[in-house]
Amino acid sequence: MILDSFSLKGKTALVTGGSYGIGFAIAEGFAEAGAKIAFNCRNPEHLRTALDSYRRKGIDARGFLCDVTEEEAVRQMVSQLEQDWGAVDILVNNAGIIKRIPMLEMDAEDFRRVIDVDLTAAFLVSKAVIPGMIRRGGGKIINVCSMMSELGRETVSAYAAAKGGLKMLTKNIASEYGKYNIQCNGIGPGYIATPQTAPLREPQPDGSPHPFDSFIRAKTPADRWGTPEDLQGPALFLASPASDFVNGHILYVDGGILAYLGRQP
Ligand code: NAP
Ligand code: GCO
């Protein structure tokens with residue numbers, strides 16, 4: 001049955017930054033498809049709240065306080081999961097930050113921090129899980145890319161550099177480890193309503209729409225912001241046997257932004 005190829009029964013999944021937003025939604029979808037879920041974040045309050053949210057949805061998730069940029073902490077988290085689970089079958093490199101600063105005003109430390117979280121961390125966590133995937137006979141890695149893997153805009157130089165690099169890291173992992181039945185693909189969300197984008201869409205003090213909200217809706221054929229739930233189906237596809245011959249692909253889930261010049265004024 002073709003639908004069975006979308007099942008994650010018996011699979012284990014680690015979603016970095018899965019305490020809320022896109023990561024939480026992807027993990028929720030994986031759990032519904034039968035996977036065991038682990039996630040990590042940095043903030044103890046976020047961890048507590050997330051565990052409650054998962055529990056309320058009937059998901060017995062494992063939560064770790066772990067900064068994805070700290071190599072030893074990442075190795076310990078993966079090693080604990082491999083001891084408890086046997087291996088990590090699915091990794092979603094989702095944890096990410098953005099700093100919206102004009103490049104000439106951005107200091108090198110801020111630039112490096114964004115690259116560290118949004119790009120280097122995907123290298124670190126993938127490096128930690130791939131040996132177990134090889135031993136297990138295969139695995140799935142999904143890197144959460146962005147419109148900024150393809151496009152630039154003012155104030156997001158570090159973020160675009162990181163997400164462009166993440167697109168190419170995705171293709172390289174696919175190239176280097178495809179022979180071990182490891183598929184590494186990217187998912188590229190458009191503009192999604194999460195805490196990360198709240199500053200771009202909250203109404204103005206006078207109640208009028210945020211200018212960026214109007215801008216993005218005019219750039220999106222669907223004329224709406226995406227929701228984290230819009231990503232659940234595409235992520236499940238990339239995490240399941242249904243995509244076993246898809247490798248090095250970036251699946252854009254953007255409502256059509258990359259295809260569209262934008263609505264005429
Ligand atoms: P978000 O709401 O800001 O959530 C980010 C998550 O990552 C939180 O769980 C956060 O928890 C965690 N995190 C941040 N830094 C971390 C670190 N160093 N170590 C471990 N966990 C960390 O972001 P989002 O909108 O859901 O975005 C998730 C991913 O999708 C990001 O990679 C983002 O770049 C990408 N994306 C977002 C959009 C969008 O429109 N929202 C579109 C395209 C791509 P703690 O703060 O507790 O660590
Ligand atoms: C921004 C937004 C975007 C989204 C996303 C788009 O400031 O332009 O934060 O970068 O987060 O990456 O795909």
Side-chain angles (χ1 to χ4, degrees), residues 15-29 41 46 92-106 110-111 113-115 117-119 122 142-168 170 185-238 249-265:
V15 180
T16 68
S19 56
Y20 52 83
I22 286 172
F24 182 90
I26 288 177
E28 184 189 2
C41 60
H46 292 165
V92 182
N93 285 308
N94 165 78
I97 59 170
I98 191 166
K99 292 180 187 285
R100 299 182 182 97
I101 305 167
M103 195 175 109
L104 297 187
E105 296 165 32
M106 186 176 223
D110 276 336
F111 188 93
R113 182 63 186 165
V114 173
I115 297 290
V117 179
D118 294 6
L119 177 57
I142 301 168
N143 293 324
V144 183
C145 297
S146 162
M147 296 290 92
M148 274 63 219
S149 297
E150 302 294 343
L151 303 169
R153 81 173 186 85
E154 300 80 1
T155 77
V156 295
S157 59
Y159 184 84
K163 293 299 187 180
L166 187 59
K167 174 175 78 170
M168 289 316 299
T170 301
N185 293 288
I187 192 165
Y191 279 79
I192 312 295
T194 71
Q196 193 246 50
T197 54
L200 303 175
R201 56 191 158 76
E202 280 164 352
Q204 303 292 285
D206 65 3
S208 62
H210 191 297
F212 197 92
D213 174 49
S214 314
F215 167 68
I216 277 304
R217 292 175 67 127
K219 299 284 282 181
T220 309
D223 188 14
R224 69 172 174 89
W225 286 72
T227 66
E229 290 70 28
D230 284 321
L231 295 156
Q232 289 179 319
L236 174 59
F237 167 65
L238 292 177
H249 182 72
I250 314 297
L251 178 55
Y252 287 104
V253 186
D254 66 354
I257 292 176
L258 290 178
Y260 187 38
L261 198 55
R263 190 174 311 110
Q264 299 172 51

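Numbers here simply count residues along the sequence, with the first being 1.
- Taking the six-membered ring for Trp and thresholds of 30 and 60 degrees, Y20 and H46 have ring planes more than 60 degrees apart, a perpendicular arrangement.
- Here the side chains of S157 and F111 are in contact, with some heavy-atom distance below 4.5 Å.
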Test side-chain contact (heavy atoms from CB on, under 4.5 Å) applied to T16 and V144, step by step: CA-CA 10 Å; T16 68; V144 183; over 6 Å; no

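- We find the OG1-CD1 distance between T170 and I187 to be 11.5 Å, quoted to the nearest 0.5 Å.
- Across every non-hydrogen atom of Y252 and S149, the tightest pair is OH-CB, 3.6 Å.
- At distances below 3.5 Å, not a single donor-acceptor pair connects side-chain atoms of R153 with backbone N or O atoms of M148.
- Taken from CG in N93 to CD1 in I142, the straight-line distance is 9.5 Å, to the nearest 0.5 Å.
- Between G190 and I257, the shortest heavy-atom distance links the atoms CA-CD1, 4.3 Å.
- At a threshold of 4.5 Å between non-hydrogen side-chain atoms, the residues R113 and V117 count as touching.
- Within a 6.0 Å sphere centred on CD of Q204, other residues, nucleotides and ligands contribute more than 12 heavy atoms.
- Heavy atoms only, all atoms of each residue included: D118 and A95 are closest at OD1-O, 4.4 Å.
- Rounded to the nearest 0.5 angstrom, K163 NZ and M147 CE are separated by 11.5 Å.
- In summary, of the residues considered (T194, D230, L200), a side chain to side chain contact (heavy atoms under 4.5 Å, CB included) with W225 occurs for L200 alone.
- Closest approach of P209 and S214 over heavy atoms only: CB-OG, 4.0 Å.
- In this structure, K219 and Y191 have side chains that are not in contact, with every pair of non-hydrogen atoms separated by 4.5 Å or more.
- Counting heavy atoms from C-beta on, the side chains of L238 and V92 never come closer than 4.5 Å.
- Contacts classified as salt bridge (Lys or Arg N to Asp or Glu O under 4.0 Å) and involving residues 194-216 (residues at least two apart or in different chains) are not found.
- Considering every non-hydrogen atom in both L251 and F237, the closest pair reads CD2-CD2, 4.3 Å.
- A donor-acceptor pair under 3.5 Å is absent between the side-chain atoms of N143 and the main chain of K167, judged by distance alone.
- Annotation: the span from D254 atom CG to L231 atom CG amounts to 10.5 Å, rounded to 0.5 Å.
- To the nearest 0.5 Å, the span separating CD1 on I216 from CG on D223 amounts to 11.5 Å.
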Worked check of side-chain contact (heavy atoms from CB on, under 4.5 Å) between I22 and N94: CA-CA 8 Å; I22 286 172; N94 165 78; 3.6 Å; yes

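- Closest approach of L119 and G165 over heavy atoms only: CD1-C, 3.6 Å.
- Of the possible donor and acceptor atoms, one in the side chain of Q232 sits under 3.5 Å from a partner among the backbone N and O of A25.
- Considering only heavy atoms from C-beta on, F212 stays 4.5 Å or farther from P199 through its side chain.
- Note that OH of Y159 is 13.5 Å distant from NZ of K99, once rounded to the nearest 0.5 Å.
- V114 has its side chain out of reach of I98: every pair of non-hydrogen atoms, C-beta onward, lies at least 4.5 Å apart.
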